[in-house]
Amino acid sequence: MRKNATAWRTADVLALFELPFADLIYRAQQVHREHFDANAVQLSTLLSIKTGGCPEDCAYCPQSARYDTGVEADKLMPLDEVLAAAQRAKDNGATRFCMGAAWRSPKPHHLEAVQDMVRGVKAMGLETCVTLGMLKEGQAEELKNAGLDYYNHNLDTAPEFYGQIITTRTYQDRLDTLDRVREAGLKVCCGGIVGLGESRRERAGLIVQLANMDPYPESVPINNLVQVEGTPLAGSEAVDPFEFVRSIAVARITMPRAMVRLSAGRETMDDALQALCFLAGANSMFYGDQLLTTGNPQAEADRQLLARLGMHASTEAQLSERLGEAGSSDGCGAACASH
Ligand code: SAM
Ligand code: DTB
Ligand code: SF4
């Protein structure tokens, strides 16, 4: 992963958001094609290994114990069920298996159980990702030792808007976990949510935080808020779909070599909108009928969509190898001549 040469300023990123739509997509396509096969997409399947009953108050989340959303609190899933789900994901064509737990942070005995899951999934030849909440000193290393590839921990939104969405952990707590993940040698999966009621400047503010990480995340999930009845954000105004596409394009331009994942919210998007997201530089998506507690398009519908667009599934490693870029450094930041 490259080092960032220069920092992105909010004004730079806001200026990208404000480009005419066609100009923005054109720039995103240029950047995308410099670094990736624009017709390839990486497929990750999610599994909720520990559902509901979470003590945190994230205003968007159906798994918070504070909101009456109908999601029941469950215990950690047994290893054999996790491995059976991973095998199904692999058989369906996923290349990465992401396991999510509704914890504020994992307890030591939980972490041991998750390490067994990581070992088992890895042994199937799948890439592994987990999202378990905040990590304490040493926990990222334990996961790395079990063979984990990616740790997902989202910043969710801009620092100045964050306090309106979550009060039970700080932005700095999230940055500290991300530092631990990076220092342990794990790949970082970090993104956010569009549609929380943030302004365009705040959307730009999230991208600035992500793009200025040094290095920036290998994987950047861009979620469209899934409004779940019972959460404080249910019934809020949805963002303009073109604004969501713009957010993907801006992520692509500011983080040229990252995998930009078209994440939650696809169930409410039609095929044309998803095609625009790919044109804007998305090259990964969640694949499989379920996200964590909410739905995702049927795998068969996704296979048909990719076929109609002439796109094919690929691993991240294949995408990089194809362009002979593995491990290289482009050093290109906000102030480079091509910006
Ligand atoms: N509990 C852990 C944590 O918060 O880090 C891991 C699981 S949590 C569900 C992972 C991410 O899912 C959140 O950071 C958020 O970005 C995303 N997410 C949760 N609920 C969502 C929703 N309703 N719509 C879109 N994204 C959502
Ligand atoms: C991410 O950024 N989005 C995923 C994954 N990382 C863990 C989660 C989406 C959750 C959507 C709501 C639900 O299904 O509970
Ligand atoms: Fe808990 Fe994660 Fe949901 Fe926040 S996003 S309530 S930490 S499961």
Side-chain angles (χ1 to χ4, degrees), residues 44-67 69-74 76 96-106 110 114 128-135 139 150-157 162 165-171 173-178 180-181 188-198 206 210 217 219-236 238-239 244 247 251 259-269 282 284-297:
S44 294
T45 293
L46 271 171
L47 177 70
S48 180
I49 57 169
K50 195 276 163 201
T51 303
C54 183
E56 303 294 278
D57 70 351
C58 310
Y60 48 76
C61 187
Q63 302 199 70
S64 167
R66 295 163 193 248
Y67 316 131
T69 62
V71 172
E72 300 287 330
D74 226 338
L76 186 60
R96 188 177 307 164
F97 193 65
C98 308
M99 295 164 271
W103 288 321
R104 173 177 163 82
S105 59
H110 289 147
V114 172
T128 52
C129 177
V130 298
T131 181
L132 314 173
M134 293 185 285
L135 295 181
Q139 291 189 315
Y150 292 81
Y151 193 84
N152 166 250
H153 198 63
N154 290 339
L155 287 177
D156 281 343
T157 192
Y162 181 86
I165 301 298
I166 298 136
T167 69
T168 48
R169 68 173 75 164
T170 65
Y171 214 77
D173 288 333
R174 291 187 186 247
L175 294 170
D176 291 347
T177 289
L178 290 164
R180 289 183 180 132
V181 169
V188 173
C189 174
C190 181
I193 310 179
V194 173
L196 299 173
E198 75 285 351
L206 166 67
L210 297 169
S219 171
V220 179
I222 305 290
N223 296 278
N224 200 4
L225 174 69
V226 179
Q227 296 197 11
V228 178
E229 211 52 56
T231 61
L233 293 179
S236 48
V239 297
F244 182 78
S247 306
M259 302 297 290
V260 175
R261 181 168 309 111
L262 171 54
S263 300
R266 287 201 298 120
E267 263 201 326
T268 55
M269 297 179 195
S284 167
M285 65 179 185
F286 286 126
Y287 172 70
D289 312 348
Q290 182 87 1
L291 292 168
L292 292 176
T293 63
T294 66
N296 197 44

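Whatever order the structure lists them in is the order used to number ligands and atoms, beginning at 1. Please read all numbers here as calculations on a predicted model, not as lab measurements. In what follows, residues are counted from 1 in the order of the sequence shown.
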Hey, which atoms in ligand 3 end up nearer than 4.0 Å to a heavy atom of A102?
8 (S)
Answer yes or no for G192: is there a heavy-atom contact with ligand 1 below 4.0 Å?
no
For the 3.5 Å polar cut-off, considering only N or O atoms, please tell me whether F286 and ligand 2 meet it.
no
Contact between G133 and ligand 1, counting heavy atoms under 4.0 Å?
yes
Take every heavy atom of G191, measure it against each atom of ligand 2, and state whether any distance is under 4.0 Å.
no
Considering only heavy atoms, which of L47, V71, T131 lies nearest to atom 7 (C) of ligand 2?
T131
Is R169 touching ligand 3 with its side chain, its backbone, both, or neither, if touching means heavy atoms under 4.0 Å apart?
side chain
Nearest-neighbour protein heavy atom for atom 6 (N) of ligand 2, which is reported as residue plus atom name and distance
N152 OD1, 3.4 Å
For atom 13 (C) of ligand 2, state which one of N296, T294, T231 supplies the nearest heavy atom.
T294
What are the two closest non-hydrogen atoms of Q227 and G235, and how far apart are they?
OE1-N, 2.8 Å
Check: of Q227, R104, H153, min heavy-atom distance to atom 5 (O) of ligand 1 comes from H153
For atom 24 (N) of ligand 1, what's the nearest protein heavy-atom neighbour? Residue, atom name and distance, please.
V226 N, 3.0 Å
Could you check whether Y162 and R174, counting side-chain N and O atoms only, form a donor-acceptor pair closer than 3.5 Å?
yes
Quick test: of every protein heavy atom, which one is nearest to atom 10 (C) of ligand 2, and how far off is it to 0.1 Å?
L292 CD1, 4.1 Å
Counting backbone and side chain alike, does C58 bring an N/O/S atom below 2.8 Å of atom 1 (Fe) of ligand 3?
no
Should the proximity of P62 to ligand 2, defined as any heavy atom under 4.0 Å, be assigned to the side chain, the backbone, both, or neither?
side chain
Is it the case that E56 and T168 place a side-chain donor and acceptor less than 3.5 Å from each other?
yes
Quick check with a 6.0 Å cut-off and a 45 degree axis cone: is R261 positioned over the face of F286's six-membered ring?
yes
Is there a polar contact, in the sense of an N or O pair closer than 3.5 Å, between Q63 and ligand 1?
no
min-distance protein heavy atom vs atom 1 (Fe) of ligand 3 -> C54 SG, 2.3 Å
At under 4.0 Å between heavy atoms, which part of N223 makes contact with ligand 2: side chain, backbone, both or neither?
side chain
Nitrogen or oxygen of R174 less than 3.5 angstrom from that of ligand 1
no
Polar side chain donor-acceptor pair, T167 to D57, under 3.5 angstrom
yes
of all protein heavy atoms, closest to atom 15 (O) of ligand 2 is T293 OG1, 2.7 Å
Could you tell me the residue and atom name of the protein heavy atom closest to atom 3 (Fe) of ligand 3, and the distance to it rounded to 0.1 Å?
C61 SG, 2.3 Å
State whether the shortest distance between N or O atoms of L132 and N or O atoms of ligand 1 falls below 3.5 angstrom.
no
Check whether any protein heavy atom sits under 4.0 Å from atom 8 (S) of ligand 1.
no
With nothing but distance in play, are any N or O atoms of Y60 less than 3.5 Å from an N or O of ligand 1?
yes
Identify the protein heavy atom lying closest to atom 12 (O) of ligand 1, giving its residue, its atom name and the separation to 0.1 Å.
N154 ND2, 4.5 Å
